[in-house]
Structures are given as structure tokens and as C-alpha cells.
Amino acid sequence: MYTSKISGLGSYVPENIVTNDDLAKVMDTNDEWIQERTGIQQRRHIKKGDGNSTSVMGAKAAKIAIDRANLTTDDIDLIVFATLSPEMYFPGGGVQVQEMLNMSTIPALDVRNQCSGFVYGLSVADQFVKTGMYKNVLVIGSENHSGGLDMTTRGRSVSVIFGDGAGAAVVTRSDKEGSGILSTHLHSEGAHAKELSLEGPNTGHWVPEIIAENPQEDIPYYPYMNGQFVFKNAVVRFSEVINEGLQTNELTPGDINMLIPHQANLRISQFVQKKFGLSDDQVFNNIQKYGNTTAASIPIALTEAWEQGKIKEGDLVVLAAFGSGFTWGSAIIRW
Ligand code: ACO
């Protein structure tokens, strides 16, 4: 049995910054409400004509991660692409990245686990590497939320939270015992699928039907979120899955050097930080700058933390995510 490690990280966000004040110009909201509830100050939105899309951003982040791993695209054996906002209904973004990066006929797998997508993808990569089937797996999380949000007052409780961007990691075979990805832990609970969802259009329920069935003010092709219910479940599941990871490896919260929570909402991260008694140095947050970028949020945050020298060799890094599905997961990494 091999071990696996993260050998390269990269991220990309569009240049276009959208502040809370910018949003207040198109919907009834304000900076104070958004910052108080979510901690978000600004986010990035793809601008029409800037050339970005979910897979373009994913490819840009991937290229950086592959370079930093001192590899070339020819070294990658598998692409795992996580998103809830693919630019095509099918095929998925993985094959598009493969084409953009001029890669050979390696497999490309798409993961549909929303905010937990990157942790799920990392777990898939980890299994393939540990069994010896693949040597280098590229894991990408990328989202173009701005293209699918209701940017009117009707959609404000969801639209102010989400931003665009991409992050990527290369998972590489290693033979160093006790280091790298120590374990991953995944869960889901379909009973709450509709509490954070985008129902239509879907197969058997296409746009004309949806429009005919619904009054103009209630069209279900914008995301729906039961905010308080999501919040309550998130804080419980984040805590459970971090504990599960620590206990599996006979570790305690005091062993954590860096917790990178999915950037759902700064208040959720702060709740988890307090619950585990962690200092500000032990938790990384950048939702203030990017909003919630769903599958991209953990790899963007992990990349920034690493770029800022906040993750060093030997550190215990914990990734934890919760989101639509509900799905949740954690990864325990000895860097
Ligand atoms: N600006 C101003 N007012 C707003 C806005 C806005 N953007 N959005 C809603 N409001 C209003 C509401 O209409 C409501 O007004 P009312 O009292 O007159 O009816 C009031 O603010 C309070 O609304 P609530 O929805 O009750 O506000 P709450 O305190 O629950 O905060 C929030 C909403 C921020 C969404 C919160 O529930 C939350 O953070 N939930 C977790 C959501 C989350 O983290 N989701 C992402 C995780 S999963 C994933 O990443 C996919």
C-alpha cells in the first residue's frame, strides 16, 4: 500500500471584484447586513467577455498546481472535477479541462457533491493513489455561481453569499509512512436534499414546463436555501466529521496546525473554531474576499494558506466541508 500527498496547489479567481455596495445597487441589501450575517466583504464574478467559465477557471488553477508539483500535464493519470455549476449540462467539466490542457486520453471523472465536492474529489484521488492504480491525480473545484444567481431582491438571501473561482491540487504517490493524506471521511443525508438545492431544469422537467407551472416570482431555476436550517446542520456536521478524522488518527484538536473549513459563512467557521478551542492562527478564512465558492472554496483557501507560508512541512492540516445534499466530509493531512 502506498501513501499519498498533495504535491502542488493552485487557484484562480476572475479579476472582477463585486463589493457589497455594488450588490446594493441592484437589490435591496447593504454592506452591514451581509458582513454581520456572513463576514463577506466582496466576491469575484466572471464578467461577460473575460473568457472565463467553470472549466476555463478550473484549467487555469490546474495548470498552476501541476507546475508547482514539478510535473507536466503528461504526468497526470486522472482528472477529478468537482462543481455544481458546470458550463454544459453534459458532458462534465473534467473532459473540457483535459482538452484545454491538451492532455492524453486519461480518465476524467466529475463529482457532484457541491460544497463537499473538493473533499469528495480528494478522497477519490487518495484511494486511486493508495491502491497503486494511479501516480498523479489532478483534483479541481471550480464554480461559476454568478451566471446562475437571481440578482434581484427576490434572490438576495442566496445571491450575496456566492462567488466565482477555482482551486486545484495534485495528489501524488508517496512512500513516506505517516505523512500526506492520512484519512478522509465522507457522509451524506439525502433526506435534506431540497433544503439547499436547484431543482430545475432537470430531465423530465424542462424550462417551458417549469415556467408554465410556476408564477413568475417563484421560478425554481434559481438556487433555494433554507438558511437557518443549513446553518444548524452545518455546525453539527462540521464538528462531527472533524472529530471523526481526529479520532481515527488518535489526534486531538490541540494537534491541529491549520483547519481549513469550507468557506460557507464566516459565522459557521467561527462557531467551529470556538467549539474546538482553536486560536485564530489555527483556522484559515478568506470568505471575506471571495464569498462562498462552493467546490472551489477549500482549494482556494488551502492554496492561499500555503502561499502565505501558513502551512509547513510536518503540520497537521484538517480540511472540512458541509453543503448541499446534505453532504459533508473531512481530510486529515500531515503536510
Ligand atoms: N440583505 C438584506 N436583508 C436580507 C438579505 C440581504 N441580502 N437576505 C435576507 N434578508 C432579510 C430577510 O428578508 C429577513 O427579513 P424579514 O425579517 O423582514 O423577513 C431578514 O433579512 C432575516 O432573514 P433570515 O433569512 O432569517 O436571516 P438569517 O439571520 O438566517 O441569515 C443567512 C441568513 C446569512 C443565509 C443565514 O441563514 C446563514 O448563514 N445560513 C447558512 C447558509 C450557508 O452558510 N450556506 C452555505 C453553506 S452550504 C454551501 O456552501 C452550498
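Just so it is clear, the model here is predicted, and its values are computed rather than measured. Every number for a ligand or one of its atoms is a count from 1 in the order of the listing.
Residue Lys60 places its NZ atom among more than 12 non-hydrogen atoms of other residues, nucleotides or ligands, all under 6.0 Å distant. Within 6.0 Å of the NZ atom in Lys130, the count of heavy atoms belonging to other residues, nucleotides or ligands exceeds 12. Counting non-hydrogen atoms of other residues, nucleotides and ligands closer than 6.0 Å to CZ of Phe271 gives a total of 12 or fewer. Applying the 6.0 Å contact sphere to CD of Gln308 captures more than 12 heavy atoms from other residues, nucleotides or ligands.
Distances shorter than 4.0 angstrom occur between a heavy atom of His262 and an atom of ligand 1. Heavy atoms of Ile34 stay at 4.0 angstrom or farther from ligand 1.
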Hey, mind stepping through Gln96 and Met100 against side chain to side chain contact (heavy atoms under 4.5 Å, CB included) and telling me if it holds?
CA-CA 6 Å; Gln96 291 176 286; Met100 284 168 199; 4.3 Å; yes
When you look at Thr248 and Ile332, which way does the side chain to side chain contact (heavy atoms under 4.5 Å, CB included) test go after all the steps?
CA-CA 9 Å; Thr248 301; Ile332 311 293; over 6 Å; no
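Closest of all the heavy-atom pairs between Ile106 and Gln98 is O-NE2, 3.1 Å.
Between Phe162 and ligand 1, not a single N/O pair is under 3.5 Å apart. In terms of N/O distances under 3.5 Å, ligand 1 is not approached by Thr38. No N or O atom of Thr294 sits closer than 3.5 Å to an N or O atom of ligand 1.
The atoms of ligand 1 that sit less than 4.0 Å from any heavy atom of Asn265 are 38 (C), 39 (O), 44 (O). Set against the non-hydrogen atoms of Leu196, the atoms of ligand 1 under 4.0 Å away are 48 (S), 49 (C), 51 (C). Listed by number with element, the atoms of ligand 1 under 4.0 Å from a non-hydrogen atom of Val160 are 7 (N).
Nearest residue to atom 24 (P) of ligand 1 from Arg156, Met225, Glu32, Gln228 is Gln228 (criterion: closest heavy atom). Comparing heavy-atom distances from atom 47 (C) of ligand 1 across Ala264, Gly227, Gly117 singles out Ala264 as nearest.
In this structure, atom 38 (C) of ligand 1 is in close contact with the protein, since a protein heavy atom lies within 4.0 Å of it. Shown here, atom 3 (N) of ligand 1 is in close reach of the protein: a heavy atom of it lies under 4.0 Å off. Protein heavy atoms are found less than 4.0 angstrom from atom 30 (O) of ligand 1. There is a protein heavy atom closer than 4.0 angstrom to atom 50 (O) of ligand 1. Remark: atom 45 (N) of ligand 1 lies closer than 4.0 Å to at least one protein heavy atom.
Cation-pi contact between Arg43 and Tyr290: absent, since separation from the ring centre below 6.0 Å together with deviation from the ring axis within 45° is not met.
In terms of protein heavy-atom proximity, atom 7 (N) of ligand 1 is closest to Thr29 OG1, 3.1 Å. Scanning the protein for heavy atoms near atom 34 (C) of ligand 1, the closest one is Arg37 CB, 3.7 Å. Distance from atom 10 (N) of ligand 1 to its nearest protein heavy atom, with residue and atom name: Trp33 CZ2, 3.3 Å.
Rounding to the nearest 0.5 Å gives a distance of 8.0 Å between CD of Glu313 and OG of Ser179. Taking CZ of Arg156 as the reference point, atom CG of Leu23 lies at 12.5 Å (rounded to 0.5 Å).
At a heavy-atom distance under 4.0 Å, only side-chain atoms of Cys115, from C-beta outward, approach ligand 1. Only the side chain of Ile268 comes within 4.0 Å of ligand 1, judged by heavy-atom distances. Looking at Asn292 against ligand 1, only its side chain comes within 4.0 Å, counting heavy atoms.
The existence of a salt bridge linking Glu307 and Arg68 is confirmed by a sub-4.0 Å separation between a basic side-chain nitrogen and an acidic carboxylate oxygen. A salt bridge links Asp67 with Lys63; the closest basic N to acidic carboxylate O contact falls under 4.0 Å.
The aromatic ring centroids of Phe229 and His192 lie less than 6.0 Å from each other.
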